[in-house]
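Just so we're on the same page: letters track the sequence lines, and every chain starts at 1.
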Amino acid sequence: MYKAVRGTQDILPQDAPYWRHLETTIHELCARYGYHRLEPPLFEETSLFVRGVGEATDIVEKEMYSFTDRGGRELTLRPEFTAGVMRGYIEHNMHTWPRPVKLYSVGPAFRYEAPQAGRYRQFHQVNVEAIGEQDPAVDLEIMSVAWDLYEALGSKGLSFQLNSTGCPACRPVYIKHLVAYYEQHRDEICKECKRRLQRNPLRVLDCKVETCQPIIEGAPRMREHLCGECAKHFETLLGYLDLLGRSYTLNHRLVRGLDYYTKTVFEVWAEEGLGAQNAVCGGGRYDGLIEELGGPPTPGVGFAAGLERIILAMKAQGTAVPELVAPQLLVAHRGTEAKTRAVTLTSELRTAGIGALLAFGQRSLRSQMKQANRANVRFTLILGEDELAAGEVTVRDMAAGEQQRVSLAEIEDWLKRRL
RNA sequence: GUGGCCAUAGCUCAAUCGGCAGAGCACCUGGUUGUGGCCCAGGAGGUUGCGGGUUCGAGCCCCGCUGGUCACCCCA
């Protein structure tokens, strides 16, 4: 028997209300902030992600779904959105649009990882980007979109983790200090950190090995090594956040796995319900990315949030979501002629905008009533020989257990008054 | 890629010491020739994840594989 491949899953009808509510909330919120939808393709040239995400990242090193198509093109299913969105920004000359260009996307992304709670090989993200403006107020706006999204969904127990990772002017200087400090403690750090020191030194800061913790505590901090511009940017952002009364946690150990981030980086962590995968949102500023991808020098800031993780958190917290609309009536019938009329009646009701179910087959009325009961409809319309002869239909109110005859000519209005 | 735990009906789970594969729920039919929910009766549904081994005999013990799950790494 075929099964959904490892790390993928069907979104079943029982989860549809969560997805609908989440998607509706996202679209309404983004519209309120003036963001416009841009959906990049599911796959792009592999080199776009290699350059955009960074050669030394886990994503590029071991997580991409890459393939060669029949035309010999090297392609990759998107592991994240930002690179594709920026490619679109450049391709469509959006630098000529009013700034900042504010875009959002919702859809699946793909990473070849070992699946576990809150992590899948095909997963969904909402991605929000503001391009072409370096004002820290844009960082604030991006964070606010994330903030409001969780607020609208009634999420509790979230913490905003915030840091600045500097820019090409100050980060290399800081990294030198960090590496020098770590060289002094070479005998005390874990094997993995020794490797990190070579490949991606900043990552030593989020090592979770016990013995590395005191080393990290004593390490030089990025914030104390920011250049004037980055320091000012960060202070201004913190001031704005305080102004709005948004609580956040300064986390000097927060470094992000993608190479393109500059200045602001942030993540949103959930306390419960997600197992080890507690990050529900991650983002930051990427002032060098567009230039790296062949566009004009352009600042940008954005975030991505994982929809599966949001839904897991909603379930863990028992968040109520609106039910989807379902037909409120079922047309039951008895006899061949009545069945024929039931087919046309059901169709007429639907054309009139009334959701209706038809009992299929020619089963006993008892069986059809059971079906109506299971479908949880408000009314059952019964069409038999008697009703047909009288040009009427029997309408049974399922909750009250009462029924009455209504003429077929008037049934639409009768129902519209009550549904 | 590495490690722990797990795998029996659609779902949740039983099966004594290794001895006839079961229950509840859900589904279908009937009890009621045209009336749902509650109740009762019946029915359908299984290669016990796959392959091998031990044994008179394996759902149960052993080995391998696959899958699921959780965790590491990293992240949404």
For A/Ala109, report the nucleic acid contact type (base, sugar-phosphate, nothing); a contact means any heavy atom under 4.0 Å.
-> nothing
Indicate, with a heavy-atom threshold strictly under 4.0 Å, whether A/Ile310 touches base, sugar-phosphate, or nothing.
-> nothing
Atom P, compared across B/G49 and B/C60: separation rounded to whole Å | 8 Å
Scan A/Val126, A/Leu22, A/Val128 and name whichever one has a side chain to side chain contact (heavy atoms under 4.5 Å, CB included) with A/Val106.
-> A/Val126
Is the shortest side-chain N/O distance from A/Arg196 to OP1 or OP2 of B/C74 below 4.0 Å?
-> yes
Any luck finding a side-chain donor-acceptor pair between A/Arg341 and A/Thr344 under 3.5 Å?
-> yes
Which part of the nucleic acid does A/Asp206 contact within heavy-atom distance under 4.0 Å: base, sugar-phosphate only, or nothing?
-> sugar-phosphate
Under 4.0 angstrom, heavy atoms only, what part of the nucleic acid is A/Glu113 near: base, sugar-phosphate, or nothing?
-> base
Between B/C6 and B/C63, how far apart are the P atoms? Round to whole Å, please.
-> 13 Å
RNA chain B: stems of at least 3 consecutive Watson-Crick or G-U pairs whose donor-acceptor distances fall under 3.5 Å | B:1-7 with B:66-72, B:10-13 with B:22-25, B:27-31 with B:39-43, B:49-53 with B:61-65
Which part of the nucleic acid does A/Glu61 contact within heavy-atom distance under 4.0 Å: base, sugar-phosphate only, or nothing?
-> nothing
Given the C1' atoms of B/G57 and B/G67, what is the spacing between them in whole Å?
-> 29 Å
Charged N to carboxylate O below 4.0 Å: is that the case for A/Arg73 and A/Glu45?
-> no
Donor-acceptor side-chain pairing of A/Gln403 and A/Thr394 below 3.5 angstrom = no
CG of A/Leu365 versus P of B/G37: gap in Å, rounded?
-> 12 Å
Checking B/G67, B/U35, B/U2 against the side chain of A/Ala114 (C-beta onward), the nearest is B/U2
In whole angstroms, how far is the P atom of B/U35 from the CG atom of A/Asp397?
-> 18 Å
Determine the Euclidean distance between corresponding C1' atoms of B/C39 and B/A9; express it in Å to zero decimal places.
-> 25 Å
Phosphate contact (B/A71 OP1 or OP2) by A/Gln116 side-chain N/O below 4.0 Å | yes
Between A/Arg111 and B/C74, is there a side-chain N or O to OP1/OP2 distance below 4.0 Å?
-> no
With sugar-phosphate meaning primed atoms plus P, OP1 and OP2, does A/Arg256 contact a base, only sugar-phosphate, or nothing at under 4.0 Å between heavy atoms?
-> sugar-phosphate
Grab the CD-P distance between A/Glu129 and B/A76 for me, whole Å please.
-> 12 Å
Would you kindly say whether A/Glu74 and A/Thr68 are connected by a side-chain donor-acceptor distance under 3.5 Å?
-> yes
Let me know the distance between CZ of A/Arg374 and P of B/U29, rounded to the nearest Å.
-> 8 Å
Spacing of A/Leu330 atom CG relative to B/G37 atom P, expressed in whole Å = 15 Å
Counting only heavy atoms not in A/Tyr112, do more than 12 sit closer than 6.0 Å to its OH atom?
-> no
Ring geometry between A/His225 and A/His177 (parallel below 30°, tilted from 30 to 60°, perpendicular above 60°) = tilted
What nucleic acid atoms does A/Glu80 come within less than 4.0 Å of, heavy atoms only: base, sugar-phosphate, or nothing?
-> nothing
Using the 3.5 Å cut-off, write out each protein N or O paired with an N or O of nucleotides 30-32 of chain B and the distance between them.
residue : atom : partner  : partner atom : Å
B/G30   : O6   : A/Arg366 : NH2          : 3.2
B/G31   : N7   : A/Arg366 : NH2          : 3.2
B/G31   : O6   : A/Arg366 : NH1          : 3.4
B/G31   : O6   : A/Arg366 : NH2          : 2.7

Verify whether one side chain among A/Arg171 and A/Thr262 offers a donor that lies under 3.5 Å from an acceptor in the other.
-> no
NA contact type, A/Ala304, heavy-atom cut-off 4.0 Å: base, sugar-phosphate, or nothing?
-> sugar-phosphate
Mind checking the P distance from B/C50 to B/G59? Whole angstroms is fine.
-> 11 Å
Check the distance between B/A71's P and A/Arg119's CZ and give it to me in whole angstrom.
-> 9 Å
So, A/Gln161 and A/Ser159: side-chain donor and acceptor under 3.5 Å apart, yes or no?
-> yes
Between atom NE2 in A/His124 and atom P in B/A76, what is the gap in whole Å?
-> 16 Å
Hey, are A/Asp135 and A/Lys263 close enough for a salt bridge, meaning a charged N less than 4.0 Å from a carboxylate O?
-> no
Out of B/G1, B/C73, B/A76, which has the shortest distance to the side chain of A/Glu267?
-> B/A76
Interatomic distance, A/Met369 CE vs B/U29 P [rounded to whole Å] = 15 Å
B/C62 and B/U54: how far apart are their C1' atoms, nearest whole angstrom?
-> 7 Å
A/Lys315 to A/Tyr18 six-membered ring, cation-pi geometry met (6.0 Å, 45°) = yes
What nucleic acid atoms does A/Arg396 come within less than 4.0 Å of, heavy atoms only: base, sugar-phosphate, or nothing?
-> base
Span that lies between the P atom of B/G42 and that of B/U8, in whole angstrom = 28 Å
Pick from A/Lys102, A/Glu141, A/His27, A/Glu129: which one makes a side chain to side chain donor-acceptor pair (under 3.5 Å) with A/Tyr35?
-> A/Glu141
Classify the nucleic acid contact of A/Gln403 as base, sugar-phosphate or nothing, counting any heavy atom under 4.0 Å across all strands shown.
-> base
P atoms of B/C27 and B/G18, separation to the nearest Å = 39 Å
